[in-house]
Number of protein chains: 4
Amino acid sequence: MSSNDKREEIVRAALELIAENGFHGAPMAMIAERARVGAGTIYRYFENKDLLIAGLYRDLEERMVPVMLDGYSLEQSLRERFLHLGTSFIRYFIANPLYFRFLEQFHNSPYGTAYRKEKILGKEGGCDVFRELFEEGVARQVIKDLPLPVLFALAFGPLLAVARDHILGFVILDDLLMTRFIEACWDGVKR
Amino acid sequence: MSSNDKREEIVRAALELIAENGFHGAPMAMIAERARVGAGTIYRYFENKDLLIAGLYRDLEERMVPVMLDGYSLEQSLRERFLHLGTSFIRYFIANPLYFRFLEQFHNSPYGTAYRKEKILGKEGGCDVFRELFEEGVARQVIKDLPLPVLFALAFGPLLAVARDHILGFVILDDLLMTRFIEACWDGVKR
Amino acid sequence: MSSNDKREEIVRAALELIAENGFHGAPMAMIAERARVGAGTIYRYFENKDLLIAGLYRDLEERMVPVMLDGYSLEQSLRERFLHLGTSFIRYFIANPLYFRFLEQFHNSPYGTAYRKEKILGKEGGCDVFRELFEEGVARQVIKDLPLPVLFALAFGPLLAVARDHILGFVILDDLLMTRFIEACWDGVKR
Amino acid sequence: MSSNDKREEIVRAALELIAENGFHGAPMAMIAERARVGAGTIYRYFENKDLLIAGLYRDLEERMVPVMLDGYSLEQSLRERFLHLGTSFIRYFIANPLYFRFLEQFHNSPYGTAYRKEKILGKEGGCDVFRELFEEGVARQVIKDLPLPVLFALAFGPLLAVARDHILGFVILDDLLMTRFIEACWDGVKR
DNA sequence: GATGAATGAGCGTTCATTCAT
DNA sequence: CATGAATGAACGCTCATTCAT
């Protein structure tokens, strides 16, 4: 097994356990066991548990951006771009429910709180493109003239909530329903 | 100090500590100290920590409903009723940021997960009235014909997100902004 | 068992183990076991291992002073006073070899080093009386006019070395030999 | 780098780290790093950490003897020989404070204790010559008729104590003071 | 021979829970 | 009833040692 494989196994194991059981259900020894690795080995790759988790978060963020931007074009209308991003966003989490669960655990946790302090805005990987979209929309009077955080709340709030509901099995978002849902989100932000 | 006072002190102390520091920053001994009560005493009122926290949650839910329903009238239009509930909802959390922080801690935690498993729908205290509102709105073709969880996501998602942003100081929701924000939520759910 | 007994048991156990095996041979779990106490219990009495050990040291220091001063009188000649203190000092450690071993462990250890930084001089409990003796002796031209630390080295160096030798069984210091030895120390410091 | 160089690098690195930080501040990995050698390499030269440290000790002992004997002549008087050895001894440690610090760390440590058990007498490198000096002095009635360990205590006790004080900066031993100090030691052992 | 990644026993410490008082 | 001292399992982390390369 190569060194890189080991790192990846650790990341995978940590992600799974945290997604399944939360941080309190993912002690280092259990992560090591699931990764089929000695307990001390984790510390060759991550200085401590906090940094392992922060690393996990950064990993997920980075992986997400290109997926969301795939097929995204500034030549489309604002509405089309919004629908594209919203759909990508939700599809991504439906396809990777573990990632979603992890991010939820992370956000409301001492780990996430410290991390968020640095970023304030620009949260939720790939937000920059959302921010640009909103700013352009406000300027062109297509989107409501509300502060950015409020627009983010109107867009991400429902997206995250519905992704959670789908993952927990409270709704099944087929293609039609997803489209109608994201159009509803657009209704919230558009003028 | 009456038995009831003691219980209340415990609840208050636990709420404060969890809201301020998260679950990891609220060990039983610290809760007992803040409540000016022996550590063992907590166990007279709550079988264990999980049930203390679940009890806390139930408490908050119950306290919230009458506040939200204050001034609520079935004689108002659906839109007016939605705006009323949304405004009450957000005002309540702005007035009680500790409650909000606690609920956020609770939702993504082993405690909350177990609890949610029981309730599936009907979550977020005072939802019944929201559910009735949505069902009536769908039936009367005023609200989009989407599954209830999706409508909940469209309404609560932004409400919770914006409440968090306000509490963390990312936006300041004055009366005007709050009204415009909740109208935007209505735009999301209305036909 | 009273609370005080428990504290004492912990102190005794820690002292024994450290004296017998050094710091590395006295993990908290072993101290707890020897004290017939839960591992967590130690932490009710001592914030952490460092403070347990510093506490132990302070304890020993305090216990020693009155023993050394018993029968000490400023009306005796300088020589008699020196012999008295030297004899008491060495007798004390011969009677309490565990204390001696502990102090030796302590002095050259991260624990002791930090502690010594604060005190620089005035080390080895009951030194003040030695210092006064030396200062008076220098002033009255009975003792060599050397810096205090050098006089301390001339007096304590042999005392500690011989105590160690006795405890390890390299010599047996009977009363006669002890007297002759301390007289030899006096020969070193006197004019 | 030759095999012998490697061994020497390891010894040097270990000595430095232990002298600077004590045993607890010198893990094998850190020694390897400072010696610019793989962690496993150390084990080609030393069976385990205990033996590495015992080897270190033996090294220092061996290096010290010729320095102390430089200029030493059996034709000098006993007093002159004592002063010579004492001066060399103390000068050596003042010139090599790292060696001194290491030896102090070593003496009160599980490593040193085990080692000392083997040697009982003949401790402190270059003791044989001291022993001969003492035995001759006792026989010729120039030195007090005390057991050898007691004479060692009278001589080495102050020497080590004063060397420590100098190295820690509590006194500065210039040539004059050093001479006067060693003469005082001689006063302790001579008849 | 030399390496350094991997190991896992063992460390100091915390904290939910119990129970004698 | 109320207490809080006592408990010990479980945690995050270190490091002497091994062994595949």
Side-chain angles (χ1 to χ4, degrees), chain A residues 1-7 10 23-33 35-52, chain B residues 1-3 6 23-33 35-53, chain C residues 1-7 10 23-33 35-52, chain D residues 1-3 6 23-33 36-52:
Chain A
M1 191 197 287
S2 92
S3 194
N4 236 313
D5 286 349
K6 223 148 218 164
R7 198 196 140 95
I10 291 166
F23 290 109
H24 100 135
M28 292 301 259
M30 199 184 286
I31 293 172
E33 193 187 16
R36 274 158 305 183
V37 139
T41 304
I42 300 179
Y43 292 86
R44 297 203 64 72
Y45 296 96
F46 302 94
E47 213 175 300
N48 56 45
K49 196 177 184 182
D50 286 28
L51 291 177
L52 162 60
Chain B
M1 194 196 286
S2 90
S3 198
K6 265 201 171 103
F23 289 110
H24 87 258
M28 293 298 261
M30 200 184 286
I31 293 171
E33 191 189 17
R36 276 158 307 188
V37 139
T41 306
I42 299 179
Y43 290 85
R44 298 225 143 267
Y45 296 94
F46 302 94
E47 208 174 307
N48 57 42
K49 196 176 185 182
D50 286 28
L51 291 177
L52 161 60
I53 284 162
Chain C
M1 196 196 287
S2 91
S3 196
N4 235 312
D5 286 350
K6 227 151 213 160
R7 198 196 139 96
I10 291 165
F23 290 109
H24 100 132
M28 293 300 259
M30 200 184 286
I31 292 172
E33 193 188 15
R36 274 156 308 182
V37 141
T41 303
I42 299 178
Y43 291 86
R44 297 204 62 72
Y45 297 96
F46 302 94
E47 212 174 302
N48 55 44
K49 195 177 185 182
D50 285 28
L51 291 177
L52 162 60
Chain D
M1 195 195 285
S2 90
S3 199
K6 266 203 169 100
F23 290 110
H24 88 255
M28 293 298 261
M30 198 183 285
I31 292 171
E33 192 189 18
R36 275 159 307 188
V37 138
T41 304
I42 299 180
Y43 290 85
R44 297 226 141 267
Y45 296 94
F46 301 94
E47 208 176 307
N48 57 43
K49 196 177 185 182
D50 286 28
L51 291 177
L52 161 60

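Proteins come first, then strands; the chains are lettered A, B, ... in the order of their sequence lines, and each starts at number 1. Note: hydrogens, waters and symmetry copies are ignored here, and every other heavy atom, side chains too, is used.
- The CE-P distance, from Met30(A) to dC13(F), rounds to 16 Å in whole Å.
- Residue Phe23(D) contributes atom CZ, which lies 18 Å from atom C1' of dT14(F) at whole-angstrom precision.
- Following rounding to the nearest Å, His24(D) (NE2) and dA16(F) (C1') show an atom-to-atom distance of 16 Å.
- Across all strands shown, the partner of dT21(E) is dA2(F), judged by Watson-Crick or G-U wobble contacts whose two distances both fall under 3.5 Å.
- Distance CD (Glu33(B)) to C1' (dA5(F)): 15 Å, rounded to an integer number of Å.
- Annotation: of the two residues near DNA chain E, Gly40(B) and Gly38(D), the 5′-most nearest-nucleotide partner is Gly38(D).
- Taking every side-chain heavy atom of Thr41(D) into account, dA2(E) is the closest of dT13(E), dA2(E), dC13(F).
- As a whole-Å value, the separation of Lys49(C) NZ from dT13(E) C1' is 12 Å.
- Here the side chain of Pro27(C) is nearest to one of dG12(E), dT3(F), dC13(F), namely dG12(E).
- Ile42(C) places its CD1 atom 12 Å from the C1' atom of dA6(F), with the value rounded to the nearest Å.
- To the nearest 0.5 Å, atoms CD1 (Ile10(C)) and CG (Asp5(C)) are separated by 11.0 Å.
- Residue-to-nucleotide proximity on DNA chain F shows that, of Asp50(D) and Ala39(A), the 5′-proximal contact is made by Ala39(A).
- Atom pair Ile10(C):CD1 and dA5(F):P shows a separation of 13 Å (rounding to whole Å applied).
- Distance Ile31(C) CD1 to dG12(E) P: 7 Å, rounded to the nearest Å.
- Counting non-hydrogen atoms under 4.0 angstrom, Met28(A) reaches the backbone sugars and phosphates but no base.
- The side chain of Arg44(B) lies closest to dC1(F), out of dA2(E), dG12(F), dC1(F).
- For Lys6(B), taking side-chain heavy atoms from C-beta onward, the closest of the listed nucleotides dA6(F), dA2(F), dT17(E) is dA2(F).
- Residues Ala32(D) and Ala39(D) share a closest heavy-atom pair of CB-CA, 3.6 Å.
- The distance from the CZ atom of Arg44(D) to the NZ atom of Lys6(D) is 11.0 Å, given to the nearest 0.5 Å.
- Here the CG atom belonging to Leu52(A) is positioned 8.5 Å from the CZ atom belonging to Arg7(A), to the nearest 0.5 angstrom.
- Proximity of Met28(D) to Tyr43(D): side-chain heavy atoms (C-beta onward) are separated by under 4.5 Å at one or more points.
- Of the candidate nucleotides dA16(E), dA9(E), dA2(F), dA2(F) has the atom lying nearest to any side-chain atom of Tyr45(B).
- Shown here, dC11(F) forms a base pair with dG12(E); the pair counts as Watson-Crick or G-U wobble because both key distances fall under 3.5 Å.
- Here the nucleotide nearest the side chain of Tyr43(A), chosen from dT13(E), dT18(F), dT14(F), is dT14(F).
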